[in-house]
Chemist: 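Please read through the structure below; I'll follow up with questions.
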Amino acid sequence: MRQLSQLLASARSQGQCIALVPTMGNLHQGHIRLVTVAREQADVVVTSIYVNPIQFGENEDFDNYPRSLDKDLQMLRDAGCDYAFVPDDDEMYPQPPLTQVTVPQIAKGYCSADRPNHFSGVCQAVARLFNMVQPQLALFGEKDFQQLQIVRRLVQDLAFPVRVLGVPTVREADGLAMSSRNNYLNQTERAIAPNLYQVLCDTAAQLQKSGNLDAAENTLAQAREHLKSLGFQVEYLELAEQESLQPAQVKSQKLVLLTAARLGETRLIDNISLEIA
Ligand code: AMP
């Protein structure tokens, strides 16, 4: 860490903008897009790679989470990233944290319904990384929409001197959102997986066409059933207000349709933004 601080100190003293891209590694083109946008917007790009144990639930895939450091480092070099920051557990959590960082209102439900400590684990790691790297810019993917809105609010509430930039989801040619967990899909599941985004697109189009929020729950119920008939176990598929993630109530708000669904053992998430005028 001291080494990174020293390397960044000279950039900082020259007034250069430092960008941070926090990741858990096993990089794909979605992560690389964040690095590319960071490269365009900042003078120095730091990508952190840390599989954060405290954001995983008890029965989740922490032990099996794919780790591919050598390949990741090569991809970062190719993308023009200046520094990879790869802290170990002692560096990230020299002692078990007693401080909690949470944004309970936005962290409620959706991706935390089945794993209540997930987002406080994310916030803990993000807050520490912000203090360790002290970036002026931090990039997060819209794919993890709830996470992005939580981090935005965390930064506002605690006055972190960081600009948070959300980057649109990078997809495979068939629409599947890129994810480190896509590697878990077998061939049959991989063929079904793009339907998740397709159903989101169709449902968003239907909601926009009807323009009637009162009928939205019915449309969402049909979409959930459709996903089930395709072989997904739907954790949630909901329409929410973008910033607060409270259930959508008023027309003309910026809304987001969010979903998480399992195919076999693999948990996929996706979302699409929309406005109902
Ligand atoms: P992860 O390594 O899964 O923690 O992701 C690190 C960052 O990359 C997060 O800000 C994610 O939202 C972002 N990310 C992951 N997949 C994608 C994608 N397909 N498109 C854009 N950003 C992504």
Side-chain angles (χ1 to χ4, degrees), residues 19-41 45-57 60-62 64-69 71-73 75-76 79 81 84-87 92 106-107 110-112 115 118-119 121-130 133 135 137-155 162-185 190 193-194 196-197 200 242 245 256 258-260 266-273:
L20 173 66
V21 179
T23 81
M24 298 206 298
N26 193 35
L27 302 183
H28 51 65
Q29 290 306 315
H31 299 110
I32 295 303
R33 177 70 57 80
L34 304 193
V35 174
T36 306
V37 174
R39 186 67 287 157
E40 288 162 9
Q41 301 247 343
V45 180
V46 180
T47 301
S48 61
I49 298 178
Y50 180 65
V51 185
N52 179 32
I54 63 170
Q55 74 183 65
F56 284 77
E60 268 193 296
D61 54 349
F62 174 71
N64 300 327
Y65 194 83
R67 290 157 171 91
S68 52
L69 187 58
K71 186 182 119 245
D72 292 350
L73 295 177
M75 286 174 77
L76 290 177
C81 175
F85 177 44
V86 190
M92 271 306 278
I106 311 178
Y110 311 110
C111 279
S112 67
R115 36 183 193 165
H118 172 67
F119 285 118
V122 170
C123 288
Q124 185 82 34
V126 167
R128 262 193 87 80
L129 287 169
F130 282 177
V133 178
L137 177 68
L139 297 97
F140 292 83
E142 288 180 358
K143 186 185 82 96
D144 299 272
F145 197 84
Q146 191 176 13
Q147 169 176 282
L148 170 63
Q149 299 306 58
I150 289 169
V151 171
R152 283 192 161 130
R153 190 60 195 236
L154 168 77
V155 160
V162 181
R163 181 165 71 93
V164 174
L165 190 60
V167 176
T169 303
V170 178
R171 301 179 179 282
E172 303 287 355
D174 57 15
L176 176 64
M178 289 190 185
S179 163
S180 304
R181 291 190 167 106
N182 291 351
N183 295 338
Y184 297 154
L185 297 167
R190 177 63 188 82
L196 191 62
Y197 181 55
L200 277 186
Q242 274 184 27
L245 292 191
V256 59
L258 304 138
T259 189
T266 309
R267 185 172 183 277
L268 303 174
I269 63 170
D270 208 342
N271 66 84
I272 183 169
S273 295

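Atoms within each ligand, like the ligands themselves, are counted from 1 in listed order.
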Chemist: Do Arg190 and Asp174 have side-chain heavy atoms sitting under 4.5 Å apart?
Modeler: yes
Chemist: For residues Tyr184 and Asp61, is any side-chain donor paired with an opposing acceptor at under 3.5 Å?
Modeler: yes
Chemist: For His28, which part has a heavy atom under 4.0 Å from ligand 1: side chain, backbone, both, or neither?
Modeler: side chain
Chemist: Could you see which bit of Ser180 sits under 4.0 Å from ligand 1, with heavy atoms only: side chain, backbone, both or neither?
Modeler: neither
Chemist: Below 3.5 Å, N or O to N or O, backbone or side chain included: is there any such pair between Asp144 and ligand 1?
Modeler: yes
Chemist: Who's the nearest protein heavy-atom neighbour of atom 22 (N) of ligand 1, and how far?
Modeler: Gly141 CA, 3.5 Å
Chemist: N/O of Met178 under 3.5 Å from N/O of ligand 1, yes or no?
Modeler: yes
Chemist: Who's the nearest protein heavy-atom neighbour of atom 7 (C) of ligand 1, and how far?
Modeler: Pro22 O, 3.6 Å
Chemist: Could you identify the single nearest non-hydrogen protein atom to atom 1 (P) of ligand 1 and state the distance to 0.1 Å?
Modeler: His31 NE2, 3.6 Å
Chemist: If we only count heavy atoms from C-beta on, is the Phe140 to Ile150 side-chain gap below 4.5 Å?
Modeler: no
Chemist: Show your reasoning for whether side chain to side chain contact (heavy atoms under 4.5 Å, CB included) applies to Ile49 and Leu76.
Modeler: CA-CA 11 Å; Ile49 298 178; Leu76 290 177; 4.1 Å; yes
Chemist: Are Arg171 and Pro194 side-chain neighbours, meaning at least one heavy-atom pair lies under 4.5 Å?
Modeler: no
Chemist: Are Ile269 and Asp144 packed together at the side-chain level, in the sense that at least one heavy-atom pair is separated by less than 4.5 angstrom?
Modeler: yes
Chemist: Nearest protein heavy-atom contact for atom 20 (N) of ligand 1: which residue, which atom, what distance?
Modeler: Val170 N, 2.8 Å
Chemist: For ligand 1, indicate whether the residue Val21 contacts it via side chain, backbone, both or neither (heavy-atom separation under 4.0 Å).
Modeler: neither
Chemist: Are Phe56 and Tyr65 near enough that their ring centres are under 6.0 Å apart?
Modeler: yes
Chemist: Which of these, Gln147, Lys143, Glu142, has its nearest heavy atom closest to atom 9 (C) of ligand 1?
Modeler: Gln147
Chemist: Looking only at distance, does Met24 have an N or O less than 3.5 Å from an N or O of ligand 1?
Modeler: yes
Chemist: Do you know the tightest heavy-atom contact between Glu142 and Leu148?
Modeler: CG-CD2, 3.8 Å
Chemist: Test of understanding: given a 4.0 Å heavy-atom threshold, classify the contact between Pro168 and ligand 1 as side chain, backbone, both, or neither.
Modeler: backbone
Chemist: Does any N or O atom in Ala177 lie less than 3.5 angstrom from one in ligand 1, N or O only?
Modeler: no
Chemist: Evaluate the side-chain proximity of Asn26 to Lys71: yes if any heavy-atom separation is below 4.5 Å, no if none is.
Modeler: yes
Chemist: Taking only heavy atoms of Phe140, which atoms of ligand 1 are found under 4.0 Å from at least one of them?
Modeler: 10 (O)
